Amino acid sequence: MRYWLLKSEPGDFSIDDLAASENQSTCWDGVRNYQARNFIRNEMKKGDLAFFYHSSCAEPGITGIVEITREAYPDETAFDHNDKHFDPKSQRSDPRWYVVDVQLKHKLEKYLTLAKLRQHAGDSLSALQLLKRGNRLSVMPIAPDDWKFILTID
DNA sequence: GCCAACGTTGGC
DNA sequence: GCCAACGTTGGC
């Protein structure tokens, strides 16, 4: 079992949007970065857990935990002319982009801000990709030790 | 294969 | 809104 972090702009799709979804589930579509795609397509397994992270907002941070409930399948939004994630280079015969399904496990009791995470950038979380400068990856693995540590942060 | 131009991400 | 970082594109 592996751990992940998934970014979403709350103005686009927030954890409350997920909570309000049918089965508290959604397909994680719109990822258009190859490194992130490779994680989704090749490495995410059913049962893996992921932090739900709110990015590009007033107070970025980890807001909840989701479970991967279905492994990779083609991203339909890439085929849809009317979707903002439409990609003419993705063909049904050779899909370029993939999604997984995720289901809400729970929101964190206390919103864990990026600022709070940064307090540990020098020691316990020194390897956390999220805290590296210039980090723009929207899907990234979290080491088990980092996952455990993050859950202990008050 | 190089690299400049451009677009996007995301924190602040 | 600004700007640094980074990925992608396209001419050569």
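Protein chains get the first letters and strands the later ones, always in sequence-line order, with residue 1 at the start of each. Computed from a prediction, not measured in an experiment: that's the story for all the values here.
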*Asks:* Under 3.5 Å, which protein N or O atoms sit close to an N or O of nucleotides 7-10 of chain C? Give each pair with its distance.
*Replies:*
| from | atom 1 | to | atom 2 | distance (Å) |
| --- | --- | --- | --- | --- |
| C:dT9 | OP1 | A:Lys89 | NZ | 3.0 |

*Asks:* Do you know the tightest heavy-atom contact between A:Arg96 and A:Lys89?
*Replies:*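 Shortest heavy-atom separation between A:Arg96 and A:Lys89 comes out as NH2-CB, 3.4 Å.
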*Asks:* Is it true that the side chains of A:Asp16 and A:Ser14 contain a donor and an acceptor less than 3.5 Å apart?
*Replies:*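 No.
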*Asks:* Could you pull out all residues at least two apart from A:Ala121 that satisfy side chain to side chain contact (heavy atoms under 4.5 Å, CB included)?
*Replies:*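 Result, side chain to side chain contact (heavy atoms under 4.5 Å, CB included) vs A:Ala121: A:Leu131.
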*Asks:* Give the residues of residues 112-135 of chain A touching DNA chain C, defined as any heavy atom closer than 4.0 Å, sorted by residue number.
*Replies:*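 Correct list: A:Arg133, A:Gly134.
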*Asks:* Who passes side chain to side chain contact (heavy atoms under 4.5 Å, CB included) against A:Thr26, sequence neighbours left out?
*Replies:*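 Only A:Phe13, A:Leu18, A:Trp28, A:Val102 meet the side chain to side chain contact (heavy atoms under 4.5 Å, CB included) criterion with A:Thr26.
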*Asks:* Contact list please: residues 52-61 of chain A against DNA chain B, heavy atoms, distance less than 4.0 Å, in numerical order.
*Replies:* A:Tyr53, A:Ser55, A:Ser56, A:Pro60
*Asks:* Looking at A:Ser21, is its backbone amide N or carbonyl O close enough to the side chain of A:Ser25 to form a donor-acceptor pair, meaning the two atoms are under 3.5 Å apart?
*Replies:*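 Judged by distance alone, no pair lies under 3.5 Å.
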*Asks:* Using nucleotides 3-5 of chain B, report all nitrogen or oxygen pairs with the protein that are shorter than 3.5 Å.
*Replies:*
none

*Asks:* Which pairs pass ring-ring contact (aromatic ring centres under 6.0 Å, His included) with one or both residues in residues 88-109 of chain A, sequence neighbours excluded?
*Replies:* A:Tyr34-A:Trp97
*Asks:* Linking Ile, Leu, Val, Met, Phe, Trp and Tyr through side-chain heavy atoms less than 4.5 Å apart, which residues share a cluster with A:Phe86?
*Replies:*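 None, because no other hydrophobic side chain comes under 4.5 Å of this residue.
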*Asks:* How would you list, by chain and number, every residue that makes a side chain to side chain contact (heavy atoms under 4.5 Å, CB included) with A:Gln91, sequence neighbours excluded?
*Replies:*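 A:Gln91: side chain to side chain contact (heavy atoms under 4.5 Å, CB included) contacts with A:Ser93.
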*Asks:* Which residue pairs satisfy the ring-ring contact (aromatic ring centres under 6.0 Å, His included) criterion with at least one member in residues 107-135 of chain A, sequence neighbours excluded?
*Replies:* A:His120-A:Phe149
*Asks:* My understanding is that only residues two or more places apart in sequence, or in another chain, count here; which of them pass side chain to side chain contact (heavy atoms under 4.5 Å, CB included) with A:Lys105?
*Replies:* A:Leu49, A:Ile65, A:Glu67
*Asks:* Can you name the residues that form a ring-ring contact (aromatic ring centres under 6.0 Å, His included) with A:Trp147, not counting sequence neighbours?
*Replies:* A:Tyr3, A:Phe51
*Asks:* Is there a chain of hydrophobic side chains (I, L, V, M, F, W, Y, each step under 4.5 Å between heavy atoms) that links A:Met44 to A:Val99?
*Replies:*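 No: no chain of side-chain contacts under 4.5 Å links A:Met44 to A:Val99.
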